[in-house]
Amino acid sequence: MSDLVKRIAVYPGSFDPVTLGHLDIIQRASKQFDHVIVAVLNNTSKSPLFTVDERKELLAEAIKDLPNVSLDSFRDLLVRFMRSRGAHVIVRGIRSVTDFEYELQMASTNHQLDSEIETIFMMTNPKFSYLSSSIVKEIAKFNGNVKDLVPPGVEKALIEKYG
């Protein structure tokens, strides 16, 4: 690949925690791009359940078998992060029309900030169309079974967090 430019994509998100829906998008994106960076957003205006380092640890375990996927975190504008990593494509999962409206606004904003950056929308696998990190946390908080919603390491971490 020495004379070709690597196709690098970024899949940004809070991943608090990572779900099987997120992993589905990561796995599918890894087949479309030479390298995918899963970028954990360090959003100081939110109070996440897991720290950035904990989220990265949980993601690292979940993606360990995907050789062209790496982890990083950021707290700046996404377009600046992407420029610093040589990436030109944002990957976003879409579950619903509501997601699309929000993601379209974000894609348009990012394109306005840097016209070299494109956003690719991937439709979520229908079996994960209802799934979100918020739903997972709500179920886990009340001792519900999240085994079929998250990777095993995340299930264990949720049980430890909620007791």
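We're numbering straight along the sequence, starting at 1.
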In residues 117-131, what donor-acceptor pairs under 3.5 Å come from side-chain atoms, sequence neighbours left out?
from, atom 1, to, atom 2, distance (Å)
Thr124, OG1, Ile94, O, 3.1
Asn125, OD1, Lys127, N, 3.0
Ser129, OG, Pro126, O, 3.1

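- For the pair Ile8 and Gly86, the tightest heavy-atom approach, listed with the atom from each and the gap, is CD1-O, 3.8 Å.
- The nearest pair of heavy atoms linking Tyr11 to Gly93 is CE1-N, 4.3 Å.
- Within the structure, salt bridge (charged side-chain N to carboxylate O under 4.0 Å, His left out) pairs that include any residue of residues 91-109 comprise Arg92-Glu103, Arg95-Asp99 (at least two apart or interchain).
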Return a table of donor-acceptor pairs under 3.5 angstrom between the side chains of residues 52-59 and protein atoms on other chains or two or more places apart.
from, atom 1, to, atom 2, distance (Å)
Glu54, OE1, Thr51, N, 2.8
Glu54, OE1, Thr51, OG1, 3.4
Glu54, OE1, Lys161, NZ, 3.2
Glu54, OE2, Lys161, NZ, 3.4
Arg55, NE, Phe50, O, 3.0
Arg55, NE, Thr51, O, 3.4
Arg55, NH1, Ser14, O, 2.8
Arg55, NH1, Leu41, O, 3.2

Let me have the donor-acceptor pairs involving side chains of residues 76-85, under 3.5 Å, with sequence neighbours excluded, atom names and distances please.
from, atom 1, to, atom 2, distance (Å)
Asp76, OD1, Arg80, NH1, 2.8
Arg83, NE, Asp114, OD2, 2.8
Ser84, OG, Phe81, O, 2.6
Arg85, NE, Asp72, OD2, 2.7
Arg85, NH2, Asp72, OD2, 2.8

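- To the nearest 0.5 Å, atom CD1 of residue Ile37 and atom CD1 of residue Ile90 are 12.0 Å apart.
- Leu66 places a side-chain heavy atom less than 4.5 Å from the side chain of Ile26.
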Got a list of side-chain donor-acceptor pairs under 3.5 Å for residues 137-151, not counting sequence neighbours?
from, atom 1, to, atom 2, distance (Å)
Lys137, NZ, Asp16, O, 3.0
Lys137, NZ, Asp16, OD2, 3.1
Asn145, OD1, Lys147, N, 2.8

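- Minimum interatomic distance between Ser30 and Asn68 (heavy atoms only, all atoms of both residues): O-ND2, 2.8 Å.
- Both Ile135 and Leu49 sit in one connected hydrophobic cluster of ILVMFWY residues. Membership requires side-chain heavy atoms under 4.5 Å apart, directly or through other members.
- In this structure the side chain of Thr19 reaches within 4.5 angstrom of the side chain of His22, judged on heavy atoms.
- Residues Phe74 and Leu113 are members of one and the same hydrophobic cluster, defined by side-chain heavy-atom contacts under 4.5 angstrom among Ile, Leu, Val, Met, Phe, Trp and Tyr.
- Residues Val91 and Leu20 are members of one and the same hydrophobic cluster, defined by side-chain heavy-atom contacts under 4.5 angstrom among Ile, Leu, Val, Met, Phe, Trp and Tyr.
- Within the structure, every pair that satisfies the salt bridge (charged side-chain N to carboxylate O under 4.0 Å, His left out) test and touches residues 58-67, not counting sequence neighbours, is listed here: Glu61-Lys64.
- Test Leu23, Val136, Ile63 against Val18 for side chain to side chain contact (heavy atoms under 4.5 Å, CB included) and you get one pass: Leu23.
- Transitive grouping of hydrophobic side chains (ILVMFWY, heavy atoms separated by less than 4.5 Å) keeps Val10 and Val89 in distinct clusters.
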